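Chain identifiers are assigned alphabetically (A, B, ...) following the order of the sequence lines, protein sequences preceding nucleic acid strands; residue numbering begins at 1 within each chain. These numbers come from a predicted model, not from an experiment.
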Amino acid sequence: MNKLLFIVSTPPYGGKRGAALLDAAMVAAAFDAKVSLMFRGDGVWSLLPDQSAAVIGQRSFSKMSNALADYEIDHLYVCLDSLLSRGVKHQDLVNVQGLNLTEQQQLIADQDAVIGAAP
Amino acid sequence: MNFVLAVHGAPHSSNSGEHALGFATAAIAQGHTIERIFFYHDGVLQGLSSQVAPQGESDLSIRWTELAERGVELAVCIASALKRGVIDSEEQARYEKDAHTLARGFELVGLGQLITAIQHADRYVEFPG
Amino acid sequence: MTLHLVFSRQGYESCVARRHPKDPIILFGDGAYALLENDIKCLVLGEDAIARGIAVDAHHATSIDYAEVVKLTLNHAPVVSWAD
């Protein structure tokens with residue numbers, strides 16, 4: 001199985017699961033898997049610009065997600081419904097493709113395996 | 001068929017371990033192979049050797065040991081494990097800790113072991129915490 | 001065809017919003033409580049429903065065991081877990 005979708009659904013700083021999942025996605029890309037990464041639910045907060053997590057002694061999520069391109073993770077998606085219900089504007093986010101619910105269903109169906117990190 | 005399972009939840013605060021054990025046992029009984037069970041996030045606490053199960057509650061550690069004896073690889077994510085105090089004797093020596101706490105049958109591995117197992121397997125089934 | 005494993009009430013909502021209507025759903029653990037407020041055809045791990053006092057027959061659900069869960073994973077891919 002080589003088509004892998006990683007889904008981040010947890011907030012970036014309240015726990016470390018999102019960051020751990022990004023690590024896994026980058027390892028998968030390094031092992032030549034075809035990697036897609038999607039943010040939904042509270043996970044969409046990971047994509048907000050201007051994060052300065054050093055202030056609370058953590059790695060900045062936005063810096064990590066900027067590094068994703070270097071690891072050849074080309075498919076970066078965000079759930080448009082999750083953005084809308086959380087008051088986040090898609091145009092404020094960089095380099096991430098918005099998907100509606102039907103498109104997410106198709107994205108999932110197209111994978112060999114789906115890896116999440118729910119609480 | 002060849003399965004990789006992932007366990008993301010701790011014992012006693014999730015059913016992640018019970019569900020993975022139930023699935024693995026049924027799959028083996030049908031003649032399938034469990035290539036590897038990967039313990040990630042709080043799931044690494046399944047491999048903590050110093051736990052004492054309360055009386056009257058099922059002791060998962062016995063069931064994990066049985067599974068390991070049947071040849072299932074119990075792979076604990078080393079990055080998740082170290083920060084939760086789940087360490088083998090090698091890491092105990094490296095970080096000069098008082099005790100090693102990785103239960104018998106489990107081993108510490110890197111994230112690459114999760115990815116390569118998924119790449120080799122036919123199905124990946126995840127049990128969240 | 002995708003197989004969905006649901007582990008909580010919120011997981012159920014997230015799953016139903018993103019699944020094809022023909023994709024099967026299996027409720028595990030606290031996901032079984034979703035039966036109480038939803039009238040949707042789905043499968044539930046029998047022991048988890050019984051433990052929680054949920055009468056599977058009173059809803060549009062079918063009780064299955066681990067052996068049947070394994071069999072469903074054989075002819076469905078990917079297998080997706082939903083907990084939040």
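The CD1 atom of B:Ile118 lies 15.5 Å from the NZ atom of A:Lys3; values are rounded to the nearest 0.5 Å. Of the inter-residue distances, the one linking A:Leu21 atom CG with B:Leu111 atom CG reads 9.5 Å to the nearest 0.5 angstrom. Rounding to the nearest 0.5 Å gives a distance of 10.0 Å between CG of A:Asn2 and NE2 of B:His120.
Interface remark: A:Asp23 contributes backbone and side-chain atoms alike to the contact with chain B (heavy atom separation under 4.5 Å). Only the backbone of B:Asp122 comes within contact range of chain A, with at least one heavy atom under 4.5 Å from a heavy atom of that chain. With a 4.5 Å cut-off on non-hydrogen atoms, A:Leu4 touches chain B through its side chain but not through its backbone. Using a 4.5 Å cut-off between heavy atoms, B:Gln119 touches chain A through backbone and side chain atoms alike.
Counting non-hydrogen atoms of other residues, nucleotides and ligands closer than 6.0 Å to CZ of B:Arg70 gives a total of 12 or fewer. Enclosure of atom CD in B:Glu96 is not indicated, since only 12 or fewer non-hydrogen atoms of other residues, nucleotides or ligands lie within 6.0 angstrom. The 12-atom threshold is exceeded at CD of A:Gln58, counting heavy atoms of other residues, nucleotides or ligands nearer than 6.0 Å. Atom CG of A:Asn95 has 12 or fewer heavy atoms from other residues, nucleotides or ligands within 6.0 Å.
The backbone N or O of A:Met1 lies less than 3.5 Å from no partner atom in the side chain of B:Tyr124, so there is not a single donor-acceptor pair.
Annotation: side chain of A:Arg17 is in contact with side chain of B:Asp42 (closest heavy-atom distance under 4.5 Å).
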